[in-house]
Amino acid sequence: MYVLGIETSCDETGVAVYHDQKGLVIHLLYSQVEMHSDYGGVVPELASRDHIRKLVPLIKQSLRESRLESKDINGIAYTAGPGLMGALLVGAATARSLAWAWQIPAVAVHHMEGHLLAPMLEQDPPDFPFVALLISGGHTLLVWVQGIGRYEVLGESLDDAAGEAFDKTAKMLGLGYPGGPRLAALAEEGRPKIQFPRPMTDRPGLDFSFSGLKTHALNAFHAGAKCEQDKADIAAAFQEAVADTLAIKCRRALQQTGLNRLVVAGGVSANRAIRGALAVMAEKEKARIYFPRTEFCTDNGAMIAYAGCQRLLAGQHQGLDILARPRWPMSDLAPV
Ligand code: KG4
Ligand code: ZN
C-alpha cells in the first residue's frame with residue numbers, strides 16, 4: 001500500500017510517500033523559516049498562503065521523483081491537528097480533494113502521533129509498550145504508549161512547551177527566529193556557570209513548567225550579560241536546566257510505569273545536549289532510548305505518511321469531511 005503523507009500544521013510543508021512493505025519511498029520538505037524570520041516568529045496567514053503555493057508542486061515532485069503515478073497511490077494521510085487552523089486547512093482540503101478525485105481513502109492524522117511514531121521509520125524501531133517524551137514547539141508530553149492510538153498522558157507542560165521556552169528565551173537574547181536551533185548553537189560556545197532551577201522536580205508528579213526558566217534567563221541577561229560569552233553562558237545554563245529537568249521526569253516515568261523503553265521525539269529532540277542527557281539517564285536506568293534521525297525530529301511528511309498508513313491498514317479512514325482541529329487531545333484517538 002502506497003500512502004501519500006501531507007504535513008502543513010505550522011511552518012513546514014512536508015510531503016512523503018510511504019509503502020507498508022518497502023518503507024519510506026520519498027520525503028520532501030519546504031521550510032518557511034526564511035519568510036517568517038523577518039517577523040521574528042510564525043505569521044499564521046503567511047504560513048497558510050505559502051502552504052498553498054508549495055504543497056501541490058511538492059506532491060507532483062514526490063510522485064515524479066519516486067516514479068509513481070497518481071493511480072499507484074492507495075491512500076492519503078494528512079495532518080488534521082493540532083496546529084494553525086489556516087495552515088491545517090490547506091493540507092486537509094488538498095488531501096481530501098485528491099482522495100476524492102483519485103477515489104481512495106483519506107485519513108486524518110494527529111500531528112503528535114506522527115512525532116511519536118517517527119522512530120518507527122528507523123532501522124531498529126521500538127516495540128510497544130514504551131514511554132514517549134514528546135517535545136515540540138507547541139507540546140511537552142510524557143505518554144504511556146501501549147500501542148498505536150492507545151495513549152495515556154502521564155504529564156504535560158502547565159505553561160510553555162519546551163520548544164516555546166527555547167524560542168522565547170532565544171528571542172530575549174536577541175537571537176531571532178528560529179530560536180531553538182540558534183540558542184542550541186550558542187549554548188555550545190558557553191559554560192553553564194549560572195545556577196538555573198529544575199522546575200517542578202522537587203515535588204511528585206510528571207508535569208512540567210518551563211516559563212520560569214525563560215524569566216530566569218531574562219533576569220540573568222539583565223543582571224550582567226556584557227559580552228557574547230556571557231550570553232553563551234546563559235544559553236548553556238538554560239539548555240542544561242531544560243535537559244536535566246526532562247531527564248529527571250523521564251526517569252520518574254520509567255520507574256512509575258516499570259517500562260524500560262523510552263522514545264523521544266518532536267523538534268526539541270534534535271537538540272544534542274538534550275539527547276545526551278537523556279541517553280545518560282536511560283543507561284543508568286538500564287532502559288533503551290529511541291530517537292528519530294535528526295531530520296525527522298522536526299516536522300516532516302514522512303511521520304504523517306507512516307502514521308496514516310498504520311491506520312489505513314487497520315481499515316480506519318474518514319468520510320468526505322475536511323477535518324481540521326487546532327486543538328485535539330491525544331487521548332481522543334481511536335486505538336489501532
Ligand atoms: O516538532 P516541531 O518541528 O514543530 C512543532 O510541532 O511545534 O518543533 C519545533 C520546535 C521549535 O520550538 C524549535 O525551536 C525547536 O523545536 N527546536 C529545537 C531544536 N531544533 C528545533 N530546540 C532546541 N534545540 C534544537 N536543536
Ligand atoms: Zn511538530
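If you're wondering where the values come from, they're calculated on a predicted model, not measured in any experiment. We count ligands from 1, going down the list as the structure has it; atoms in each ligand are counted the same way. Positions are given from 1 along the sequence.
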Would you check whether Pro181 has a nitrogen or oxygen atom less than 3.5 angstrom from a nitrogen or oxygen atom of ligand 1? no
Return a table of donor-acceptor pairs under 3.5 angstrom between the side chains of residues 321-331 and protein atoms on other chains or two or more places apart.
none

Could you name each residue pair satisfying side chain to side chain donor-acceptor pair (under 3.5 Å) that touches residues 131-140, not counting sequence neighbours? none
For Arg272, is the CZ atom crowded, meaning more than 12 foreign heavy atoms sit under 6.0 Å from it? no
Where on His111 is there a heavy atom closer than 4.0 Å to ligand 1, on the side chain, on the backbone, on both, or on neither? side chain
For the Zn ion (ligand 2), report each protein N, O or S atom nearer than 2.8 Å, sorted by chain and then by residue number. His111 NE2, His115 NE2, Asp299 OD1
Starting from atom 17 (N) of ligand 1, find the nearest protein heavy-atom neighbour and note its residue, name and distance. Gly267 O, 3.6 Å
Record the part of Asp167 in heavy-atom contact with ligand 1 below 4.0 Å; permitted values are side chain, backbone, both and neither. side chain
Less than 4.0 angstrom from a charged side-chain N to a carboxylate O is my criterion; do Glu113 and Arg311 meet it? yes
N or O pair under 3.5 Å between Asn271 and ligand 1: yes
Give a yes/no verdict on whether any heavy atom in Pro178 is under 4.0 Å from an atom of ligand 1. no
What residues form a side chain to side chain contact (heavy atoms under 4.5 Å, CB included) with Ser31, not counting sequence neighbours? Glu12, Val33
Short list, please: which atoms of ligand 1 are under 4.0 Å from a heavy atom of Gly137? 5 (C), 7 (O), 8 (O), 9 (C), 10 (C), 12 (O)
Would you please classify the geometry between the His111 ring and the His115 ring as parallel, tilted or perpendicular, with 30° and 60° separating the classes? perpendicular
Salt-bridge test for Glu189 and Lys231: reply yes if a basic N is under 4.0 Å from a carboxylate O, no otherwise. no
Would you say CD of Gln146 has more than 12 non-hydrogen atoms from neighbouring residues, nucleotides or ligands within 6.0 angstrom? yes
Would you call Arg272 a ligand 1 contact, heavy-atom distance under 4.0 Å? no
Could you tell me whether some N/O pair between Asp299 and ligand 1 is separated by less than 3.5 angstrom? yes
For His115, which part has a heavy atom under 4.0 Å from ligand 1: side chain, backbone, both, or neither? side chain
Report the C-alpha separation of Lys193 and Asp230 in whole Å, then their side-chain angles, then the decisive distance to 0.1 Å, and conclude whether the salt bridge (Lys or Arg N to Asp or Glu O under 4.0 Å) test is met. CA-CA 10 Å; Lys193 291 190 286 197; Asp230 292 341; 5.6 Å; no
Run through Leu55, Ile304, Val90, Thr79 and flag the one making a side-chain contact (heavy atoms from CB on, under 4.5 Å) with Ile6. Leu55
N/O separation below 3.5 Å, Gly179 to ligand 1: no
With a cut-off of 4.0 Å, which atoms of ligand 1 are near a heavy atom of Gly163? 12 (O)
How far is atom 15 (C) of ligand 1 from the closest protein heavy atom, and which atom is that? Val268 CG2, 4.0 Å
Min N/O separation Gly180 to ligand 1 under 3.5 Å: yes
With Arg275 as the cation and Phe291 as the aromatic partner, state whether NZ or CZ is under 6.0 Å from the six-membered ring centre and within 45° of the axis. yes
Would one find more than 12 heavy atoms of other residues, nucleotides or ligands at under 6.0 Å from atom CD of Gln103? yes
Under 4.0 Å from any heavy atom of Gly138, which atoms of ligand 1 are there? 7 (O)
Checking the side chain of Lys168 only, and the main-chain atoms of Lys214 only, is there a donor and an acceptor separated by less than 3.5 Å? no
